[in-house]
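What you see below is based on every heavy atom in this structure, not just the backbone, and it leaves out hydrogens, waters and symmetry mates. For ligands, and for the atoms within them, numbers begin at 1 and follow the listed sequence.
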Amino acid sequence: MYKTYPFTLEKLPYAYDALEGVIDARTMEIHHGKHHQAYVDNLNKALVEKEELQKITLDELLLSEIDVVKNNAGGVWNHDFFWKCMTGPVDGGHIGEKLTGELEKAFGGVEGFMEKFEAAALSRFGSGWAWLVKDKAGRLEVISTSNQDNPLREGKTPILALDVWEHAYYLKYQNKRAEYVKAWWEVANWDFVETNL
Ligand code: MN
């Protein structure tokens with residue numbers, strides 16, 4: 001993402017209650033309005049006296065070796081992206097032909113992809129993300145990252161992201177991350193995913 005300092009909170013592309021049934025409005029309100037906002041505020045704070053970093057893009061800030069910059073830039077980027085990976089109302093979703101073909105090539109099918117992605121989401125210890133990414137050779141791959149680390153740090157381009165921090169699901173699902181991950185497919189925005197290929 002090519003935006004630069006000072007950062008502002010991106011608007012959600014739907015209402016807080018748009019994902020109700022899978023993700024409740026209260027969770028969305030706190031996740032966007034408090035957690036995402038805090039990453040924006042803390043990134044701005046971290047850059048306030050770093051003039052050389054105020055000119056570079058969010059994509060470049062992700063690669064920083066300064067922890068507070070890397071972590072908060074990741075928090076901003078990852079959430080901007082995550083909101084677009086979802087859509088409501090809950091209708092089961094539909095995966096287009098092009099994406100289906102790519103998933104077949106890489107994972108043997110949509111189901112094979114989903115199994116891998118769920119395993120990545122569940123095996124991430126503590127806080128982090130599950131990702132569908134494209135590597136430099138253009139191959140699709142499922143990975144997970146810890147905290148707010150972004151795949152661009154490994155030279156991989158995000159295609160789809162799932163937030164598995166407890167703040168993403170705890171109110172509705174408590175400790176049951178597996179139930180959240182399974183239910184989450186219902187709000188995945190497959191049109192957006194396909195445009196990222
Ligand atoms: Mn989050």
Side-chain angles (χ1 to χ4, degrees), residues 1 3 7-47 58-59 61-64 66-88 90 117-133 142-154 156-189 192-193 196:
M1 293 166 195
K3 52 190 183 181
F7 296 96
T8 53
L9 182 65
E10 289 277 341
K11 272 190 68 178
L12 266 192
Y14 35 73
Y16 283 135
D17 63 0
L19 312 177
E20 198 65 63
V22 173
I23 302 178
D24 57 291
R26 185 77 182 124
T27 295
M28 289 300 294
E29 199 180 333
I30 297 170
H31 199 172
H32 179 256
K34 304 288 183 200
H35 291 280
H36 192 184
Q37 180 73 63
Y39 294 119
V40 171
D41 293 344
N42 289 330
L43 180 57
N44 285 334
K45 226 180 283 172
L47 299 182
L58 186 58
D59 270 9
L61 290 170
L62 287 177
L63 311 178
S64 177
I66 306 167
D67 275 348
V68 67
V69 174
K70 175 196 79 167
N71 291 336
N72 287 295
V76 174
W77 198 108
N78 297 349
H79 288 88
D80 282 359
F81 187 77
F82 179 52
W83 308 135
K84 294 185 204 147
C85 288
M86 301 188 284
T87 188
V90 176
F117 192 86
E118 288 174 19
L122 296 179
S123 61
R124 168 50 53 196
F125 184 77
S127 298
W129 295 76
W131 303 88
L132 174 65
V133 297
V142 167
I143 63 168
S144 84
T145 60
S146 68
N147 301 312
Q148 295 296 353
D149 283 4
N150 185 288
L152 290 167
R153 289 180 64 84
E154 305 169 31
K156 293 168 179 170
T157 308
I159 306 291
L160 169 69
L162 174 59
D163 190 343
V164 295
W165 283 59
E166 280 187 346
H167 68 224
Y169 62 87
Y170 203 82
L171 288 184
K172 184 174 167 74
Y173 298 91
Q174 290 82 51
N175 59 323
K176 291 166 273 190
R177 187 191 286 186
E179 282 182 24
Y180 159 68
V181 169
K182 273 255 179 256
W184 186 78
W185 296 118
E186 298 281 315
V187 292
N189 185 348
F192 176 69
V193 176
N196 296 327

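Using a 3.5 Å distance cut-off with no hydrogens or angles, the side chains of Trp165 and His31 do not pair a donor with an acceptor. In the model, Asn150 has a side-chain atom that pairs as donor or acceptor with a side-chain atom of Asn78 under 3.5 Å.
A ring-ring contact (aromatic ring centres under 6.0 Å, His included) with Phe117 is found for exactly one of Trp131, Trp185, Trp129, namely Trp185. Screening Arg153, Lys156, Glu154 against Thr145 for a side-chain contact (heavy atoms from CB on, under 4.5 Å) leaves a single residue, Glu154.
Around the Mn ion (ligand 1), the protein N, O or S atoms closer than 2.8 Å are His31 NE2, His79 NE2, Asp163 OD2, His167 NE2, listed by chain and residue number.
Although no hydrogens or angles enter the test, the distance criterion places no donor-acceptor pair under 3.5 Å between the side chain of Asp17 and the main chain of Glu20.
Under the 4.0 Å criterion applied to side-chain N and carboxylate O atoms, Lys84 and Glu10 are not assigned as salt-bridge partners.
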